[in-house]
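Predicted, not measured: the structure shown is a model, and the values here were computed from it. Each chain gets a letter, A, B and so on, in the order its sequence line appears, and its residues count up from 1.
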Amino acid sequence: MQIVEDNYNSSFFHDQLIYWHIHNNHRQMPWKAETDPYRIWLSEIILQQTRVEQGLAYYERFINNYPTILSLANANDTDVFKLWEGLGYYSRCKNLLSTARQIATEYAGIFPATYDTILKLKGVGPYTAAAISSFAYNLPHAVVDGNVTRVLARYFGMDVAIDSTAGKQVFLEKAQRLLNKEAPGKYNQAIMDFGATVCKPQVPLCEECFLQTNCSALLTNQVQLLPVKSKKNIRRNRWLNYIIIQFGEGVYIRKRQGKDIWQNLYEFLLLESEHAVSAEELLDLDILAYLKAEKFTILHSSEVRKQVLTHQLVNGLFIHLMVYSPIYIPGYEWIDLKKLDRFPFPRFINSFLDIYPLKP
DNA sequence: AATACGGGGAA
DNA sequence: TTCCCAGTATT
């Protein structure tokens, strides 16, 4: 890459981007022009690896239920996870609560206002710290998200892998050099909106793009090849079979623990298997021995259901049983069906309950 | 340095 | 199916 040409391109790129942002960027979002760091932080956590359209409703619900960081800090965990239910990446929710409480106790409820202190907060990495710093406090820190790496990779013809350690450093430095130090928030907003609405991943609008005359990828016909990603995702198969054991008007559930998917969400009696198993085989397992001592009735046995996650393909079936005396299952608790909707469940379970509602 | 962590929308 | 989304924490 030529240094001189790079400098020329950089100033053209920067000026055009700001011009577009002021005159032709019509993307609306409720947290735009927001100055409350709590709201900015909340929106940024929700939007990590999440499309704006998907996160929007969650943001509104959180603001309605918890208008201040102190109200969030004082909330009860299950209620907050219930609000987060279905959004995915549930460690974000855990860290959200943790940070709200830390700010309540250690910062007297006042959101920290420097990049380094913000970066230390749980759930806040380089991207989110730069976003909060620039949007809430107009501090000169460039955001580097998926939009930014894509835009920079294409416009400047950067073919270093965006998911390599070296690549991340290169893009961060490039973004930081391009940043308008006078209006960092405005510049950060501009480049992300541009990436999301014009320089899109699959079908970018190059024909109507105001940067087309200087875009390296477009000029060398590499738009579809940039940015470069080195790692490929592996998806493993998994079989999660659930036994819904009902006694009276309640069922047995537990909160998921340990380092696995769906931490802090709830589930029914889980029987994980290495391969697909039938309902008959499941009910034959030793783990259900204590059930055999009791009289029970099979009310329903579902088809195999599937859910695609980023690193797993979850398969499994649901069996609904009725028992006629209370049973003890270590780690599980009996919950009245009328209260079941207070508990957050993974999508895999909720999608089954949608077609097979549990009624008292 | 590599990997896991959800769910949804678009092609 | 595959890709990718206003990334981060953990190993």
Side-chain angles (χ1 to χ4, degrees), chain A residues 27 29-32 34 40-59 81 84-96 98-99 118-135 141-151 153 161-169 171-172 175 185 188-197 199-204 224-225 227-236 238 256 258-265 306-314 344-351:
Chain A
R27 204 179 187 210
M29 289 173 290
W31 47 84
K32 267 194 183 177
E34 184 58 63
I40 293 170
W41 163 69
L42 174 65
S43 72
E44 293 302 341
I45 302 298
I46 287 176
L47 292 175
Q48 285 168 5
Q49 289 292 286
T50 303
R51 293 170 192 281
V52 169
E53 311 84 73
Q54 189 189 359
L56 199 56
Y58 285 86
Y59 174 79
F81 273 95
W84 198 275
E85 179 185 55
L87 192 55
Y89 284 170
Y90 296 94
S91 67
R92 290 185 292 172
C93 185
K94 178 184 169 193
N95 290 331
L96 190 80
S98 167
T99 292
I118 293 169
L119 183 59
K120 286 196 179 75
L121 301 173
K122 278 184 189 168
V124 173
Y127 162 78
T128 305
I132 298 172
S133 297
S134 62
F135 296 147
H141 295 273
V143 294
V144 181
D145 71 337
N147 292 308
V148 174
T149 52
R150 182 174 59 256
V151 170
I162 61 170
D163 53 352
S164 67
T165 303
K168 285 173 191 165
Q169 188 61 30
F171 281 100
L172 182 61
N188 280 337
Q189 192 65 62
I191 191 168
M192 286 197 289
D193 284 347
F194 172 70
T197 61
C199 197
K200 301 187 287 181
Q202 311 296 344
V203 193
Q224 300 299 337
L225 301 177
V228 173
K229 209 172 152 190
S230 59
K231 301 176 184 66
K232 233 170 70 178
N233 187 35
I234 308 291
R235 191 172 286 138
R236 71 179 169 114
R238 219 171 153 182
R256 282 180 65 85
K259 38 177 195 180
D260 198 352
I261 55 174
W262 305 331
Q263 252 189 77
N264 293 297
L265 301 193
K306 295 179 186 297
Q307 166 132 7
V308 180
L309 307 183
T310 302
H311 291 93
Q312 303 182 17
L313 172 55
V314 177
F345 289 93
R347 186 78 180 126
F348 183 67
I349 290 177
N350 274 334
S351 69

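Of the candidates B:dG7, B:dA1, C:dG7, the closest approach to any side-chain atom of A:Tyr127 belongs to C:dG7. When each of B:dG7, B:dA1, B:dA4 is scored by its nearest atom to the side-chain atoms of A:Leu309, the top-ranked nucleotide is B:dG7. For A:Asp145, counting side-chain heavy atoms from C-beta on, the closest listed nucleotide (B:dG6, B:dG7, C:dA6) is C:dA6. Nearest to the side-chain atoms of A:Arg92 among the listed nucleotides C:dG7, B:dG6, C:dT2 stands B:dG6. The side chain of A:Trp262 lies closest to B:dG6 when the candidates are C:dA6, B:dG6, C:dC4.
Two residues are said to be in side-chain contact when any heavy atoms from C-beta on lie closer than 4.5 Å; A:Asn264 and A:Tyr90 fail this criterion. The side-chain heavy atoms of A:Arg256 and A:Gln263, taken from C-beta on, include no pair separated by under 4.5 Å. Within the 4.5 Å cutoff, side-chain heavy atoms of A:Leu47 are placed close to those of A:Trp31.
Residue A:Tyr90 has a polar side-chain atom (N or O) positioned under 4.0 Å from OP1 or OP2 of B:dG7. A:Arg150 has a side-chain polar atom (N or O) that falls below the 4.0 Å cut-off from OP1 or OP2 of C:dC5. Note on A:Ser91: every side-chain N or O is 4.0 Å or more away from OP1 and OP2 of C:dA9. Residue A:Gln307 has a polar side-chain atom (N or O) positioned under 4.0 Å from OP1 or OP2 of B:dG7. A close approach under 4.0 Å does not occur between any side-chain nitrogen or oxygen of A:Trp31 and OP1 or OP2 of C:dA6.
Projected onto DNA chain C by closest heavy-atom contact, A:Gly125 and A:Pro227 fall at different nucleotides, the more 5' of which corresponds to A:Pro227. Comparing A:Asn233 and A:Lys32, the nucleotide of DNA chain C nearest to each residue sits closer to the 5' end for A:Asn233.
At a non-hydrogen distance threshold of 4.0 Å, A:Gln49, A:Thr50, A:Arg51, A:Gln54 from residues 43-55 of chain A come into contact with DNA chain B.
Checked by distance alone, A:Thr128 brings no side-chain donor or acceptor within 3.5 Å of a matching partner on the base of C:dG7.
Residues A:Ile162 and A:Lys168 share a closest heavy-atom pair of O-CG, 3.6 Å.
Note on A:Gly86: only backbone sugar-phosphate atoms sit closer than 4.0 angstrom, heavy atoms only; bases stay farther off.
Using a 3.5 Å distance cut-off with no hydrogens or angles, the side chains of A:Tyr127 and A:Gln48 do not pair a donor with an acceptor.
For A:Asn350, the side chain to side chain donor-acceptor pair (under 3.5 Å) criterion is met by A:Glu85, not counting sequence neighbours. Remark: A:Arg27 engages A:Asp193 in a salt bridge (charged side-chain N to carboxylate O under 4.0 Å, His left out) (not counting sequence neighbours).
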